[in-house]
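Source: prediction; values computed, not measured.
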Amino acid sequence: QAVLLEYGMALEKAGDMRGAVTAYHSERGISNQLFEKQRQKAVYELQEKYEAEKKQRQIELLSRENQLKSTEIDNRRLQQRVWWLLALVLAMGSAIVGLLYRKVRHANVQLKVKNQELKRQSSRDPLTALYNRRHFQEFMRSHAGKPVHPPAGNDMVGALFLLDVDHFKHINDRYGHAAGDLVLTTIAETLHDVLRETDMIVRWGGEEFLAFLPAVARDGLDDIALRILNGVAAQVIHYQGQTIEVHVSVGFAPYPLAPLGQPLTWERSVNLIDMALYLAKAHGRNRAYGLRGFRHVERTTLEAVEQDLERAWRDGHVDLSVVLGKADGKGNAGSAPAAASDGAKGACATAAAS
């Protein structure tokens with residue numbers, strides 16, 4: 001009992017309130033057992049003594065009865081004292097439990113806040129505060145088979161936009177990585193301004209950003225791409241007395257893409273959009289290439305389209321639109337006809353010349 005009491009006090013000083021309460025409860029149980037045994041032992045001894053003396057000394061019966069009554073009175077007084085002690089112990093235990101409950105509740109609140117903070121940190125990019133790739137992947141996996149886009153048959157579609165900062169390595173090499181970080185945070189803020197609160201903006205990795213738009217007008221994707229291009233180009237970044245102009249290249253497409261009526265997985269959709277982004281890079285940067293849809297896919301294979309999107313465009317198997325940023329002197333969107341091979345080649349050559 002003494003060891004448990006000392007152990008409980010040590011745990012309480014160490015801050016382990018749960019362990020201290022457990023030790024105190026154990027000590028209290030032992031105390032009650034010891035008292036009960038002592039009381040029973042005293043009663044048994046009195047009874048044996050009474051029987052023995054009754055047989056041996058009948059003459060002293062009245063004296064022993066008086067003795068017994070006196071002992072019973074003492075026992076009652078002792079019981080009263082024990083009950084008062086138990087009441088005091090219960091009151092102290094209740095106070096300790098109440099204090100521990102408040103501390104545990106406060107600790108649970110703090111733990112909940114910490115868990116929310118950790119969850120936010122695990123889903124956010126520490127530099128830009130945008131969602132990270134892991135969060136987007138978990139989101140798409142959790143919505144696998146669920147409608148994360150508007151139902152078919154109306155003028156609203158989902159959309160995916162993939163952005164890459166033009167000449168970002170040159171910015172880092174010339175101005176330093178701190179300037180590169182400033183460029184990334186500026187682009188993140190610009191995307192928040194250009195897009196809506198319901199759109200998911202993701203730092204895809206390095207200097208790449210991805211935006212998932214759950215509901216946009218079917219014929220408004222080119223306008224959104226133009227807003228992104230011009231919104232980023234309009235940002236003039238000042239760093240240590242120097243001016244940094246930034247442009248991005250963009251690949252985009254409605255989501256989901258469904259050649260032959262069969263929706264593609266989001267991974268394959270992002271892969272095709274990345275190829276469209278590569279075309280934008282290859283044909284002059286500061287522009288967006290959008291994959292509008294597929295044509296005559298039965299004459300080729302989806303794998304062939306994924307391996308060489310530009311060739312599929314020239315062969316008329318995909319429909320691409322080209323949106324040029326203001327820095328190219330255009331300021332509006334130009335689309336490349338993909339119905340015929342010669343038309344597609346001409347559009348591609350025009351984009352490359354620009």
Any [X] side-chain heavy atom under 4.5 Å of [Y] side chain:
X	Y	value
N108	K112	no
M200	H135	yes
L291	I273	no
F209	I187	yes
D173	K169	yes
L34	Q1	yes
V246	V165	yes
V232	V194	no

Verify, without hydrogens or angle tests, whether [X] (side chain) and [Y] (backbone) share a donor-acceptor contact under 3.5 angstrom.
X	Y	value
R133	W204	yes
N230	R227	no
T185	D181	yes
S94	L90	yes
R203	G206	yes
D125	L130	no

Count the heavy atoms belonging to other residues, nucleotides or ligands that lie under 6.0 Å from [atom1] of [X], then report whether that count exceeds 12.
X	atom1	answer
R18	CZ	no
L88	CG	yes
E6	CD	no

Say you draw a straight line from [atom1] of [X] to [atom2] of [Y]; how long is it, rounded to the nearest 0.5 Å?
X	Y	atom1	atom2	result
I244	H167	CD1	NE2	14.0 Å
I228	I224	CD1	CD1	7.0 Å
N132	Q137	CG	CD	9.0 Å
K281	D274	NZ	CG	11.0 Å
H25	I96	NE2	CD1	9.0 Å
D199	L213	CG	CG	3.5 Å

Flag for [Y]-[X]: side-chain donor and acceptor within less than 3.5 Å:
X	Y	result
E27	Y7	no
Q110	H106	yes
S249	D164	no
H192	E197	no

Between S321 and D222, does a side chain to side chain donor-acceptor pair (under 3.5 Å) hold up when you go through it step by step? CA-CA 8 Å; S321 62; D222 288 1; 3.0 Å; yes

Give a yes or no on whether [X] and [Y] share a hydrophobic cluster (residues Ile, Leu, Val, Met, Phe, Trp, Tyr; joining criterion: side-chain heavy atoms under 4.5 Å apart).
X	Y	answer
V21	L4	no
V104	L99	no
Y278	L162	no
Y239	F168	yes
V89	F35	no

Should the pair [X]-[Y] be classified as a salt bridge under the 4.0 Å nitrogen-to-oxygen rule?
X	Y	answer
K69	E65	no
R134	E138	yes
R39	E36	yes

Shortest non-hydrogen contact from [X] to [Y]?
X	Y	value
T243	Y175	O-OH, 3.8 Å
G180	N172	CA-OD1, 3.3 Å
R287	A280	O-CB, 3.5 Å
L184	T128	O-CG2, 3.9 Å
L309	M275	N-CE, 3.2 Å
L264	P256	O-CB, 4.4 Å

Taking the six-membered ring for Trp, are F212 and W266 ring centroids under 6.0 Å apart? no

Tell me whether the rings of Y289 and W313 are parallel (<30°), tilted (30 to 60°) or perpendicular (>60°). perpendicular

Stepwise salt bridge (charged side-chain N to carboxylate O under 4.0 Å, His left out) check, E310 with R314: CA-CA 6 Å; E310 184 170 9; R314 292 177 178 177; 3.1 Å; yes

Worked check of side chain to side chain contact (heavy atoms under 4.5 Å, CB included) between L160 and F252: CA-CA 6 Å; L160 286 169; F252 64 95; over 6 Å; no

Start with the C-alpha distance between F294 and H317, add both sets of side-chain angles, then the distance that settles side chain to side chain contact (heavy atoms under 4.5 Å, CB included), and finish with yes or no. CA-CA 6 Å; F294 299 86; H317 297 308; over 6 Å; no

Passes side chain to side chain donor-acceptor pair (under 3.5 Å), Y24 versus E12? Steps please. CA-CA 10 Å; Y24 288 151; E12 184 177 358; 2.8 Å; yes

Side chain to side chain contact (heavy atoms under 4.5 Å, CB included) between L210 and L163: does it pass, once the steps are laid out? CA-CA 6 Å; L210 182 141; L163 295 70; over 6 Å; no

Determine whether L277 and E208 satisfy the following criterion, side chain to side chain contact (heavy atoms under 4.5 Å, CB included), listing intermediate values before the conclusion. CA-CA 10 Å; L277 170 62; E208 286 188 330; 4.0 Å; yes

